[in-house]
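Following: one structure in structure tokens, then a few remarks.
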There are 2 protein chains.
Amino acid sequence: MARDNVFSYGDFSKTLHVKKLEEDEHVVLVKGGKTSFSFENGNHHVSNGNGNGNVVAHHAKPGWYADVPPGWEEEAHFFKVEKVLFHGRSEYQDLFVFESVSHGKVAILNGSMQLTEKDEFAYQEMLTHLPLCSVSNPKKVLLVGGGDGGILREISRHPSVEQIHLCELDKMVIDVYKKFFPDISIGYSDPRLTVHIGDGIEFLRSVPEGSFDVIILDAFQQMGSLAEELADNSVLRSVARALSPGGVMSCPADSFWNKHFSVTDTIEHAKKIFSGSVNYAWCTVPAYASGMIGFMVCSNSEVDVKHPLNPLNPDNYGVAKGPPKYYNSEVHTAAFCLPSFAKKRCLLPKSD
Amino acid sequence: MARDNVFSYGDFSKTLHVKKLEEDEHVVLVKGGKTSFSFENGNHHVSNGNGNGNVVAHHAKPGWYADVPPGWEEEAHFFKVEKVLFHGRSEYQDLFVFESVSHGKVAILNGSMQLTEKDEFAYQEMLTHLPLCSVSNPKKVLLVGGGDGGILREISRHPSVEQIHLCELDKMVIDVYKKFFPDISIGYSDPRLTVHIGDGIEFLRSVPEGSFDVIILDAFQQMGSLAEELADNSVLRSVARALSPGGVMSCPADSFWNKHFSVTDTIEHAKKIFSGSVNYAWCTVPAYASGMIGFMVCSNSEVDVKHPLNPLNPDNYGVAKGPPKYYNSEVHTAAFCLPSFAKKRCLLPKSD
């Protein structure tokens, strides 16, 4: 059911709403995880999928996409839109892809910035190589989420790895990335890969204890310090259980510039789950709120994750087309150095 | 000539245009270094000071300020405005101050983001302590520009310093910061300070060779690789001449995410002027384009600026009210670690 220049997603035709977009479309932001458009020329009318979105009308601007990440509502990052490439909804989520003038292709998942072609490599490389370069001889790697393929592309650079398992819930994500982001989805061409379409947490619970040398979570809300996240430790406990001795996990964490986030609280929380080294790292990613993102790097063993004991050989591309663009051993170590305010801020009351 | 809640600038009343701003004002961006407002409710009309600004009409949005730094025209950072505090024009430049919801008070100089209360300390501390902690016993320090006082506040933390000289062209900047940013302009209370209102370059040329152990430039366009900047070496030559043996200078440089900027080219250029160590460093500053800013740290001597030989004692506040918020010896060294792409990119043809 292809319609003009908008890629339609056939397999999910029952649940997808693929819209025909006019040349003069207005790209607007709708709070609450719904991205939508208006079709009336010259008027910021919003066509909202289910009618319950909270429309931020003052953000409406023809030809621009406004990114307002949750927790950063009083500012906005605008991207000039060259062309809308895809907008679809699977039974799980909403995916919106457009060509921007400044950042190349941009993917918005459930109304949240997922990645841009300009800077995706910074996030993908750091989230992958921080744990993989901290394990001496990683053989089995599990990636939960990350259906775009960028993390797979980065795992592929590690020759010691024998098995790569990907758990991705939403096949739409995989198919859309394969169509629009070939340099990212190239990660799927690694022959060591097994793809599991399904719930990553169920998968984690089904595998024997200590199954994986490295586990990368790219599917969840960033690790934060909100009470409701702290209360639900079951996911992280499943990860800790599935890690081999000396194994290391990584997942995204909030920016230390987010006033609602505390590195100290988050580390303290993670230490209740992982019995070894627990660290926060960060890197610059212009497309994300505050221009950076954090990472949690955790283990049940006392691993010195700040100094790569398994350095990456940049000449070993794996299935990628060239060497890493961001990661090197220097930035690995530097990523763990924090501004003084980020080391000090505590938001939660201390029990001791 | 105070008008309602807008601070008027008496001393420069002949050249300043202080506007009375309505409650329903629209804050809009005008390209070409002119910030202005509209007074008509519900209509994005632009009142431009001199009529030659290039109005970016699609950025107009009531109650929001759009920051579009030069060279980053295809994206924009929007700040929700709580209250406009000041808008004035001296004989040299245009200064606009507003209270934002997300970043506290924000200062816009000639239409360019100068600083926000939320993150000014990152820039001020790094620009100051990178050079000052790289000189063993700094006694004489020159700051060119930086009339806000934030760099002065940071210099003040160094007890070895005997003389601090500030050259600021525009007294309006000093007075406005003293009124609206007391935690920044507190730097003026250091008794070691001598303020020179005038042209910093003329001042630099008038002092004996080797006069200063540290020179900080906070007044110029960032050090970039554009041909016209490369052609004019006279400013940097004056700085190099005024540096003492072992002395170190610092100035802002572009973000390595700017596709028109090359760290390699800029270092190569600076090496033609400074006969010793020349390095690029960076730090995260959410308010600046791409969420970060660079620094050039240069010397006529072979100084290892990457490892602070004169570490900062955080307990010595100087005239500041507390310890540094961003800088520590760890982030000093980490600031010189660059992503692989930033180390490689060359934009200029190589002569050899």
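Note: hydrogens, waters and symmetry copies are ignored here, and every other heavy atom, side chains too, is used.
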Greatest number of non-hydrogen atom pairs under 4.5 angstrom with chain B, of A:Pro286, A:Gly291, A:Pro314, falls to A:Pro286

Let's go through B:Trp72 and A:Phe78 carefully: what are the C-alpha distance in whole Å and the side-chain angles of both, what is the deciding distance for ring-ring contact (aromatic ring centres under 6.0 Å, His included) to 0.1 Å, and is it a yes or a no?
CA-CA 11 Å; B:Trp72 307 77; A:Phe78 277 68; over 10 Å; no

Nearest heavy-atom contact between B:Lys344 and A:Pro323 is NZ-CG, 3.9 Å

What are the two closest heavy atoms between A:Ala334 and B:Ala334, and how far apart are they?
CB-CB, 3.7 Å

Whether B:Asn328 side chain and A:Cys337 backbone form a donor-acceptor pair below 3.5 Å
no

Cut-off 4.5 Å, heavy atoms of chain A, and the answer for B:Ala289 is neither

What part of B:Tyr327 lies closer than 4.5 angstrom to a heavy atom of chain A: side chain, backbone, both or neither?
backbone

Do B:Glu73 and A:Val101 make a side-chain contact, defined as non-hydrogen atoms from C-beta onward lying under 4.5 Å apart?
no

Do the non-hydrogen side-chain atoms of A:Lys80 and B:Glu75 ever get within less than 4.5 Å of each other?
no

A:Lys105, NZ atom: more than 12 neighbouring heavy atoms under 6.0 Å:
yes

Can you label the angle between the A:Tyr326 ring and the B:Trp257 ring as parallel, tilted or perpendicular, going by 30° and 60°?
parallel

Selection from B:Tyr288, B:Trp282, B:Phe79 maximising heavy-atom pairs under 4.5 Å formed with chain A:
B:Trp282

Please rank B:Glu125, B:Lys118, B:Lys343, B:Met292 by heavy-atom pairs under 4.5 Å with chain A and give me the top one.
B:Lys118

